[in-house]
Protein chains: 2
Amino acid sequence: MSIPLGTAQALKLWRDVSLAQVHGKEADLSTRQVSILLTVYMEAPPHTIRELAKKLQVSKPVITRALDSMGKLDLVTRRRDEADRRNVLVQRTVKGALYLDRLADLIGLNSKNL
Amino acid sequence: MSIPLGTAQALKLWRDVSLAQVHGKEADLSTRQVSILLTVYMEAPPHTIRELAKKLQVSKPVITRALDSMGKLDLVTRRRDEADRRNVLVQRTVKGALYLDRLADLIGLNSKNL
DNA sequence: AGTAATCGTTACGGATGCGTTTCATTCTCA
DNA sequence: TGAGAATGAAACGCATCCGTAACGATTACT
């Protein structure tokens, strides 16, 4: 149900997508930010800061700041957990979903031309 | 000779590779830097600053600084063009080749588990 | 109740990247 | 040979990111 990519194919895929990110009008996020965004959208909620930090093996401030940046871009939202008001729940947004749809398109499209 | 990736598969691939980049001991380059590095290694030399800037549609200082950074990491090298001493030729290094080999491995390996 | 633990944020200091402008060097060619 | 173009680098100001160490708010424990 999948084929292993050769070295040249894999690198071409990566280059094409990276280049599209550089040229595209959308903000190009850091590697850390992309990891966080994808985790929020691909794994089941709820997502807390501490959970994300542990899962991605980074410090909590990294998560906080990434959410600040991506929040400004409206790619994610924060909400207080009413059950335990110490927690902050990270939530998805329409814009974030669209952003990832486009990213997936780029990857998928480029993988066709190997 | 290739299969289109579904949205979920494409995003999983991207997430796994990004995460590996974040965790790995090697420096994680910016999107621009990766584009430059891949261009240098995938297209036929010689590569000049001006040529790279035009090909990637970025300003020349972006190329210069990226080469500064990646030069410190020993991923690329510069050499004066003796034929036209205004030009600087960007050259590959063993370390740069190994870096991209590893990146290709990450992409290839992850694409198997779809 | 009151102390300790947990959670997310903020503050600080440092590093790095970017865009634009300016500059020194080198070449072109009239 | 001398004016002008071309090339890459440096300078400047700005924005962003990181790691560590505090901090306020909230909850758990005894």
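Basis for what follows: all heavy atoms, side chains included, without hydrogens, waters or symmetry-related copies. Quick note on labels: first sequence line is chain A, next is B, and so on, each numbered from 1.
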Problem set entry | Nucleotide C:dT9, atom C1' - distance to CG of A:L67 in whole Å | 11 Å
Exercise. Do the side-chain N or O atoms of B:T64 get closer than 4.0 angstrom to the phosphate oxygens (OP1, OP2) of D:dG8?
Worked result: no
Problem set entry | Heavy-atom donor-acceptor pair, A:R80 side chain to A:R85 backbone, under 3.5 Å | yes
Exercise. What does A:R80 touch in the nucleic acid at a heavy-atom separation under 4.0 angstrom: a base, only the sugar-phosphate, or nothing?
Worked result: nothing
Taking only N/O atoms, report every protein-nucleotides 15-17 of chain D pair under 3.5 Å with atom names and distance.
| from | atom 1 | to | atom 2 | distance (Å) |
| --- | --- | --- | --- | --- |
| D:dC17 | OP1 | A:Q33 | NE2 | 2.7 |
| D:dC17 | OP2 | A:S69 | OG | 3.1 |

For this session: Indicate if A:L89 and A:L37 have the same hydrophobic cluster label, given that clusters are the connected sets of ILVMFWY residues with side-chain heavy-atom separations under 4.5 angstrom.
Result: no
Exercise. Does A:N87 place a side-chain N or O at less than 4.0 Å from the phosphate oxygens OP1/OP2 of C:dT6?
Worked result: no
Exercise. Can you tell which of C:dT10, D:dT7, D:dG8 lies closest to the side chain of B:V88?
Worked result: D:dG8
Problem set entry | Residues touching DNA chain C, which here means a heavy atom under 4.0 Å, drawn from residues 38-49 of chain A | A:T48, A:I49
Seminar exercise, completed: Per side-chain contact (heavy atoms from CB on, under 4.5 Å), A:L67 is matched among A:K72, A:H47, A:R78, A:Q33 by A:R78
For this session: Run the numbers on A:R15 and B:E43 for salt bridge (charged side-chain N to carboxylate O under 4.0 Å, His left out), then give the verdict.
Result: CA-CA 11 Å; A:R15 185 175 99 102; B:E43 304 204 350; 3.0 Å; yes
Problem set entry | A:R92 (side chain) donor-acceptor with A:V40 (main chain) under 3.5 angstrom | yes
Problem set entry | Close side-chain approach of B:T39 to B:K55, heavy-atom, < 4.5 Å | yes
Exercise. Between C:dC7 atom C1' and A:R79 atom CZ, what is the distance in whole Å?
Worked result: 17 Å
Problem set entry | For atom CG of B:D84 and atom P of D:dA6, their distance in whole Å | 13 Å
For this session: Any chance you could measure A:S18, atom OG, to A:L106, atom CG, to the nearest 0.5 Å?
Result: 10.0 Å
Exercise. Going by number, which of residues 50-63 of chain B have a non-hydrogen atom under 4.0 Å from DNA chain C?
Worked result: B:S59, B:P61, B:V62
Exercise. Separation of B:R86 atom CZ from C:dT26 atom C1', in whole Å?
Worked result: 6 Å
For this session: Measure the shortest side-chain to side-chain distance between B:V88 and B:D81 over non-hydrogen atoms and say whether it is less than 4.5 angstrom.
Result: no
